[in-house]
Participant: 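Just passing along the structure, written as structure tokens.
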Amino acid sequence: MSNPLYDTLFGRHFGQETPFLHHADGRTTTHGAFLRLAAQLANLLTSRGLEPGDRIAVQIAKSPEALALYAASVQAGLIFLPLNTAYTATEVAYFVQDSGARLFVCQPDRTAELEPVAKGAGAMLETLGSDADGSLMRQAASFPQSFQTCPRQGDDLAAFLYTSGTTGRSKGAMLTQNNLLSNAKTLCDLWQFTDRDVLLHALPIFHTHGLFVATNITLIAGGSMVFLPGFDLDAMIANMPRSTAMMGVPTFYTRLLDDPRFTAELTGNMRLFVSGSAPMLTETHVAFHKRTGQRILERYGMTETNMNTSNPYQGERRAGTVGFPLPGVELKITDPATGATLPDGEIGVIEVRGPNVFKGYWQMPEKTADELRADGFFITGDLAKIDGDGYVHIVGRAKDLIISGGYNIYPKEIELVLDDQPGVKESAVIGVPHPDFGETVVAVIVPEGKDQPSADALLSATNQAIARFKQPRKLIFTDELPRNTMGKVQKNLLRDQYGDLFTSAGKAG
Ligand code: MCA
Ligand code: AMP
């Protein structure tokens, strides 16, 4: 009996003392050592009564041990549910409860705050810290270093990733072993990864980009990763000469380009730079090429679908485009009103179908039916056109979504918090251009009476409820919101009005 995801990513490296994770301090963890730890963790998890199909929710700092917990979950047939470390206890409570997680793993320093969350959801609680500290590692040491891998099939669920929606209620995207495996194999081939690759890994490992794209591809290729805890400019520059590839959000690239130490010479050993998760400006692509002589490869994906398109590895990487549909992925542009396929050159919604497309939203059949057609096409909500050469150009979004530094922010979630505050009649949250994060959050607020509510009180309310990265960077008070004849708030007008708040033309700096 097999477990395709474990066998392909991890199992075949068992016992191999080849380098897998290079740490910032110069130490290296081999595949063998990593998998022995994963096996200890898998033994520990099953000893706590976890069974195949159970959910394990984790909100832990990026570390080799955190990655080993992912491997352990795959080996034990569990459904891995990673959560952004920036989420507040209120946000986490929803995910743990909604997923029905049997175990929740948090950072040791947040135990007091998160214990009631686990208790409220009826989940067990364990801890794992960034220095290999916490209850999991303490117990794992006494367990065997090998584990009888739980049999799984390609169609079995491997992970839940929560993604917010326009209603403000997060949905758990159910990803199967095959979803992850098929996409990682395709990308590994397309981007020509081999066991000689050293991936400079600075992305978080609670999202598709850092966990499934970067890590799974490296594992399939048998390569290694410089595994940084997060994006740190000095560490990126120090480790670039020993790396061959990097994956990042556009903010990574603009930050690197802002540093004079980032030169063609520094990137001499690098063969591939990949960008995604948010639109990259053409000027970034051009400036990067001018500085390094290399062209960033931009690709496009979603939590629900993994990666859908990519610029070519060999061939023209066209700035402002996300390239071609991946092998095995069907892509069409449709009329948002009728669903009819549009001819090339016309703007419509991207729909995709393929082995990469998720199984649906956890316990939300209606939401699933709204976005995943019976014929298997997933309606992405991204607006695009296909040019005469077949390149896909993303030109906007049909969904009300802000992407800040590669993190998705759904305005509705913030509006619900603001509208609930005393003195607020209504609010509209918009994304405006930002030099570092691409877009940032601005809240336009209509007071209830004559007196403006205190900005501090509103910011403190959002601070209680939602992660820092989602909080408005500016509050604007106004008498009324612009509306169309149907009564719908015209956010495009607000974006036009406040669009230069954070750019050099604007006043807020
Ligand atoms: C941190 N802050 C942010 C963000 N990150 N605010 C808005 N947007 C953000 N993305 C806040 C911090 O809380 C802090 O708040 C302040 O900004 C400055 O923090 P800083 O030190 O500059 O941040 P950082 O630690 O350097 O992080 C910036 C980052 C990070 C490196 C761009 O956000 C990041 O790693 N982003 C990658 C996200 C990602 O992996 N996305 C993939 C999603 P204060 O100081 O005010 O308290 S997967 C996906 O989208 C699909 C599938 C796909 O296609 O890949
Ligand atoms: P998420 O739901 O976090 O997986 O974010 C997916 C969304 O990120 C997509 O629906 C797009 O709107 C956006 N996205 C990802 N890659 C790109 C890209 N290369 N260019 C523009 N938007 C992108």
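Both ligands and their constituent atoms are indexed starting at 1 by order of listing.
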Participant: What does the N/O contact table under 3.5 Å look like for ligand 1?
Facilitator:
| residue | atom | partner | partner atom | Å |
| --- | --- | --- | --- | --- |
| ligand 1 | 6 (N) | R473 | NH2 | 3.1 |
| ligand 1 | 8 (N) | S404 | O | 3.4 |
| ligand 1 | 8 (N) | S404 | OG | 2.5 |
| ligand 1 | 10 (N) | S404 | O | 2.8 |
| ligand 1 | 17 (O) | R473 | NH2 | 3.4 |
| ligand 1 | 22 (O) | R255 | NH2 | 3.1 |
| ligand 1 | 26 (O) | R255 | NH1 | 2.7 |
| ligand 1 | 36 (N) | G405 | O | 2.9 |
| ligand 1 | 41 (N) | G406 | O | 2.9 |
| ligand 1 | 46 (O) | R468 | NE | 2.9 |
| ligand 1 | 46 (O) | R468 | NH2 | 2.7 |
| ligand 1 | 47 (O) | R468 | NE | 3.1 |
| ligand 1 | 54 (O) | R299 | NH1 | 2.7 |
| ligand 1 | 54 (O) | G301 | O | 3.4 |
| ligand 1 | 55 (O) | S277 | OG | 2.6 |
| ligand 1 | 55 (O) | R299 | NH1 | 3.4 |
| ligand 1 | 55 (O) | R299 | NH2 | 2.8 |

Participant: Is it the case that the ring center of F95 lies less than 6.0 angstrom away from the ring center of Y87?
Facilitator: yes
Participant: Regarding T267 and T292, do their side chains bring together a donor and an acceptor under 3.5 Å, going by distance alone?
Facilitator: no
Participant: Strictly under 6.0 Å, is that where the ring centroids of Y407 and H207 end up?
Facilitator: yes
Participant: Please indicate whether Q464 has more than 12 foreign heavy atoms, meaning atoms of other residues, nucleotides or ligands, lying under 6.0 Å from its CD.
Facilitator: no
Participant: Examine distances only and state if a side-chain atom of E65 and a backbone atom of L128 form a donor-acceptor pair shorter than 3.5 Å.
Facilitator: no
Participant: Kindly assign one of parallel, tilted or perpendicular to the pair F10 and Y70, based on the angle between their ring planes and the thresholds 30° and 60°.
Facilitator: perpendicular
Participant: Side chains of R271 and Q294: donor-acceptor distance under 3.5 Å anywhere?
Facilitator: no
Participant: With under 30° as parallel and over 60° as perpendicular, where do the rings of F160 and W362 fit, or are they tilted in between?
Facilitator: tilted
Participant: Using heavy atoms and a cut-off under 4.0 Å, could you grab the residues that are in contact with ligand 2, chain by chain, numbers ascending?
Facilitator: S277, A278, P279, E298, R299, Y300, G301, M302, T303, V322, D382, I394, R397, K399, I403, N408
Participant: I'd like to know if the side chain of Q177 and the backbone of D155 have a donor-acceptor N/O pair within less than 3.5 Å.
Facilitator: no
